[in-house]
Participant: 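Here you go, one structure.
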Amino acid sequence: MTSKMVVQQPQPIMYTQESDEWSSGICDCCQDVPGCCCAFWCLPCFACITSRDYGEPLCLPLLEIFSGWIPAVTMSMRVNMRQRYRIRGTMCRDCVISTFCCACSWCQMSREMKRRNVSVVMVAR
């Protein structure tokens, strides 16, 4: 007599609440003090790390020195992040924030990535 035993493991369920707004404000540096300190003291390093974590080439933000008065790399990353996460906004606002609040813009993008890229780790016992 053969019997077949079927075992079904519980599947992880993750509920996410997506929003069409940034999860933090442009000046909410107190939400990530170490990251904001790194951005303030060494913005090129912080921008390169954030770029790499976003899936872009590590040294992409270093090309910013060739872009002139408007930081094209910061602005394009910000526009791309808004489109990927479906965040409301305009290119004009992205341009103003990228130009006049560059470090704060990179900090906001880093915080957004940390909040929206929730990894699920499965551990076998």
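This chain uses plain numbering: 1 for the first residue, then up along the sequence.
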Participant: Can you name the closest pair of heavy atoms from Arg78 and Ser105 and give their distance?
Facilitator: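 So the minimum-distance heavy-atom pair works out to NH1-OG, 3.4 Å.
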Participant: Centre-to-centre under 6.0 Å for Trp106 and Tyr54, is that the case here?
Facilitator: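 Ring centroids of Trp106 and Tyr54 are no less than 6.0 Å from each other.
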Participant: Quick check against the 3.5 Å criterion: does Asn80 have a side-chain atom that pairs as donor or acceptor with the backbone of Met77?
Facilitator: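 No, Asn80 side chain to Met77 backbone: no donor-acceptor pair under 3.5 Å.
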Participant: Mind checking the CG-OG spacing from Leu60 to Ser76? Nearest 0.5 Å is all I need.
Facilitator: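 Those atoms lie 6.5 Å apart.
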Participant: List the residues meeting salt bridge (charged side-chain N to carboxylate O under 4.0 Å, His left out) with Asp32, not counting sequence neighbours, and say none if there are none.
Facilitator: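 Asp32 satisfies salt bridge (charged side-chain N to carboxylate O under 4.0 Å, His left out) with Lys114 only.
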Participant: Under a 3.5 Å distance rule, please check whether Ser98 uses its side chain to pair with a backbone N or O of Cys95 as donor and acceptor.
Facilitator: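 Side chain of Ser98 to backbone of Cys95: no pair is present.
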Participant: Which heavy-atom pair separates Ile26 from Gln108 by the least distance, and what is that distance?
Facilitator: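 Minimum heavy-atom contact is CD1-OE1, 3.3 Å.
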Participant: Whether the side chain of Glu112 engages the backbone of Ser23 through a donor-acceptor N/O pair (distance < 3.5 Å, no angle test) should be reported.
Facilitator: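 Yes, the answer is positive, given that a donor and an acceptor are paired below the 3.5 Å cut-off.
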Participant: Going by atom types alone, do Ser24 and Arg111 pair a side-chain donor with an acceptor below 3.5 Å?
Facilitator: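 Ser24 vs Arg111: donor-acceptor pair found between side chains.
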Participant: Please tell me whether Phe66 and Val73 are part of a single hydrophobic cluster in this structure, the criterion being side-chain heavy atoms less than 4.5 Å apart.
Facilitator: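 In one cluster with Phe66: Val73, yes.
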Participant: Does CZ in Arg93 sit with more than 12 non-hydrogen atoms of other residues, nucleotides or ligands closer than 6.0 Å?
Facilitator: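 No.
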Participant: Do Ile97 and Cys104 come within less than 4.5 Å of each other through their side chains, counting heavy atoms only?
Facilitator: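 A side-chain contact under 4.5 Å is absent here.
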Participant: Please report the shortest heavy-atom distance between Gly35 and Cys107, naming the atom on each side.
Facilitator: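 Heavy atoms of Gly35 and Cys107 come nearest at O-SG, 4.3 Å.
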Participant: Return yes if some donor-acceptor pair links the side-chain N/O of Ser67 with the main-chain N/O of Glu64 below 3.5 Å, else return no.
Facilitator: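 Checking the backbone N and O of Glu64 against the side chain of Ser67, a donor-acceptor pair under 3.5 Å is found.
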Participant: Verify the distance criterion only: is there a donor paired with an acceptor across the side chains of Arg115 and Gln31 at less than 3.5 Å?
Facilitator: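 Result is yes, a qualifying pair exists.
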Participant: Please tell me if the side chains of Phe46 and Ile49 come closer than 4.5 Å, counting only heavy atoms from C-beta onward.
Facilitator: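 Contact flag for Phe46/Ile49 side chains = no.
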Participant: Consider only side-chain heavy atoms of I, L, V, M, F, W and Y, link residues closer than 4.5 Å, and tell whether Met113 and Ile87 are in one cluster.
Facilitator: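 Yes: a chain of side-chain contacts under 4.5 Å links Met113 to Ile87.
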Participant: What are the two closest heavy atoms between Met91 and Val79, and how far apart are they?
Facilitator: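 That closest heavy-atom pairing would be CG-CG2, 4.2 Å.
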Participant: So which heavy atom on Arg82 is nearest to which on Asp94, and how close?
Facilitator: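 Reported closest heavy-atom pair: NE-OD2, 2.6 Å.
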Participant: Using a distance-only test with no angle check, is there a side-chain donor-acceptor pair under 3.5 angstrom linking Tyr85 and Asp20?
Facilitator: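 Absent: no donor and acceptor within the cut-off.
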Participant: Are the side chain of Ser51 and the backbone of Pro57 linked by a donor-acceptor contact shorter than 3.5 Å?
Facilitator: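 The answer is yes, because a donor-acceptor pair under 3.5 Å joins these two groups.
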Participant: Under 4.5 Å between side-chain heavy atoms, hopping through other hydrophobics if needed: is there a path connecting Met109 to Leu43?
Facilitator: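 Yes, Met109 connects to Leu43 through the hydrophobic network.
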